[in-house]
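As structure tokens, the structure follows; a few thoughts come after it.
Side chains included, hydrogens not; waters and symmetry mates left out as well; all remaining heavy atoms used. In what follows, chains are A, B, ... by sequence order, proteins preceding strands, each numbered from 1.
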Protein chains: 2
Amino acid sequence: MAGMARISTTSDVFSAIAEPKRRVILEKLLVEQMSVTDLVDALQWTQPMVSKHLKVLKEVKLVAETKVGRFHYYRAQPDELRPIQDWIHRFEKYWGGALENLDSYLTDIKSRGDARE
Amino acid sequence: MAGMARISTTSDVFSAIAEPKRRVILEKLLVEQMSVTDLVDALQWTQPMVSKHLKVLKEVKLVAETKVGRFHYYRAQPDELRPIQDWIHRFEKYWGGALENLDSYLTDIKSRGDARE
DNA sequence: CCATCATATTCCTTTATGGGAATATGTCAA
DNA sequence: TTGACATATTCCCATAAAGGAATATGATGG
């Protein structure tokens with residue numbers, strides 16, 4: 001065995017969102033629950049492509065599935081992005097522009113407040 | 001041409017941090033500037049491996065390089081993580097537990113305040 | 001100038017994985 | 001039941017990219 005490739009990443013959230021198409025899917029599913037066909041129609045991708053990406057997202061729990069008859073409805077599970085958020089938080093305090101940061105905090109708080117209503 | 005592989009991702013910040021070893025390097029470089037040899041010693045990886053990962057990180061500007069004689073000092077450029085942070089922010093407001101969120105905001109603000117001192 | 005240290009690069013192999021096409025599986029409606 | 005619809009899966013190909021080993025390049029000190 002000469003060359004070992006990268007670690008299997010299909011079970012890693014960081015890798016799951018490294019794929020641009022999967023980010024697009026997540027953005028869609030954050031707004032509303034959608035079936036595979038809904039996504040195919042909205043994104044104009046092939047159905048197997050959508051299903052395959054959904055499978056990866058499901059494996060890392062970034063999406064959840066509800067089956068209703070022959071329809072499989074998928075929805076985003078944003079909580080699962082927290083490990084990434086937590087990791088990035090460690091770097092955040094070193095970002096430039098303290099004042100600018102403060103602004104973003106306030107915006108942050110405001111948006112969370114909105115979400116509660 | 002039958003199968004097309006994924007988009008070249010070496011120029012994408014999301015992909016850059018999808019690799020666990022690169023995250024480790026970034027964590028190291030956040031604390032202090034280090035030369036390649038410093039990293040080799042600290043991480044016990046081979047020198048080419050360290051150099052290769054640094055190259056990827058440098059391409060996406062997650063690290064910056066300062067050459068001093070034969071030493072190349074690298075440092076993290078945490079600002080470049082903002083695109084990821086921004087993307088995740090769009091999901092954050094949908095996280096469960098509003099109260100819990102508020103707590104993390106306060107912690108967030110506090111840590112930023114600490115960083116300013 | 002040259003031996004040595006510091007780093008980068010090249011060559012090679014292997015694995016992961018995305019996309020296409022075809023097909024399988026599952027479910028409903030008439 | 002059966003045909004049509006919804007989704008998943010399989011097979012195949014092409015490519016990105018990680019790790020190892022060897023080597024090239026760069027810079028210093030003596």
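- Residue B/Leu29 holds its CG atom at 6.5 Å from CG of B/Leu54, rounded to the nearest 0.5 Å.
- A straight line from CD1 of B/Ile25 to C1' of D/dG19 spans 13 Å, rounded to a whole angstrom.
- Minimum atom distance to the side chain of B/Arg22 is reached by D/dA18, of the listed D/dT9, C/dT9, D/dA18.
- One interatomic measurement links the two molecules: NZ of A/Lys21 to P of C/dT17, which rounds to 16 Å at whole-angstrom precision.
- Following rounding to the nearest Å, A/Phe71 (CZ) and D/dC5 (P) show an atom-to-atom distance of 11 Å.
- For B/Arg23, the side chain to side chain donor-acceptor pair (under 3.5 Å) test picks out no residue, with sequence neighbours left out.
- For the pair A/Leu57 CG and D/dT7 P, the interatomic distance rounds to 16 Å; values are reported in whole Å.
- One interatomic measurement links the two molecules: CG of B/Leu54 to C1' of C/dT9, which rounds to 14 Å at whole-angstrom precision.
- Judged purely by atom type and a 3.5 angstrom limit, A/Arg22 uses its side chain to pair as donor or acceptor with the backbone of A/Ala16.
- The NE2 atom of B/His53 sits 17 Å away from the P atom of C/dT7 (whole-angstrom rounding).
- In this structure, A/Lys58 and A/Val63 have side chains that are in contact, with non-hydrogen atoms separated by less than 4.5 Å.
- In summary, the side chains of A/Trp95 and B/Gln85 do not present any donor paired with an acceptor at a separation below 3.5 Å, with no hydrogens or angles considered.
- Listed for the A/Glu19 side chain is a donor-acceptor partner under 3.5 Å among the backbone atoms of A/Lys21.
- Looking at B/Ile17 and B/Val60, their side chains never come closer than 4.5 Å, going by heavy atoms from C-beta outward.
- Contacts with DNA chain C (heavy atom under 4.0 Å) in residues 36-49 of chain B: B/Val36, B/Thr37, B/Gln47, B/Pro48, listed by number.
- Rounded to an integer number of Å, the gap from CD of A/Glu19 to P of C/dG18 is 6 Å.
- Within the nucleic acid shown, B/Tyr74 comes within 4.0 Å of sugar-phosphate atoms alone, with no base atom in reach, counting heavy atoms only.
- Between its opening and closing five pairs, the helix from C/dC1-D/dG30 to C/dA30-D/dT1 changes axis direction by 10°, a value rounded to 10 degrees.
- For A/Thr66, the side chain to side chain donor-acceptor pair (under 3.5 Å) partners at least two apart in sequence or on another chain are A/Arg75.
- For the salt bridge (Lys or Arg N to Asp or Glu O under 4.0 Å) condition, no pair includes a residue of residues 29-50 of chain A, sequence neighbours left out.
- Considering only side-chain atoms of A/Arg70, the nucleotide from C/dC28, C/dA8, D/dA18 that sits closest is C/dC28.
- Contact between the side-chain N/O atoms of A/Ser35 and the OP1/OP2 oxygens of D/dT7 is found at a separation under 4.0 Å.
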Distance-only donor-acceptor pairs under 3.5 Å for side chains of residues 67-74 of chain A, two or more places apart:
| from | atom 1 | to | atom 2 | distance (Å) |
| --- | --- | --- | --- | --- |
| A/His72 | ND1 | A/Glu65 | OE2 | 2.8 |
| A/Tyr74 | OH | A/Glu65 | OE2 | 3.1 |

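- A sub-4.0 Å separation between OP1 or OP2 of D/dA6 and a side-chain N or O of A/His72 is absent.
- Closest to the side chain of B/Lys52, from the set C/dG19, C/dA6, D/dG20, is D/dG20.
- With rounding to whole Å, B/Lys67 atom NZ is found 17 Å from C/dC5 atom C1'.
- Closest contact between the side chain of B/Glu65 and the listed nucleotides C/dA6, D/dT10, C/dA8 involves C/dA8.
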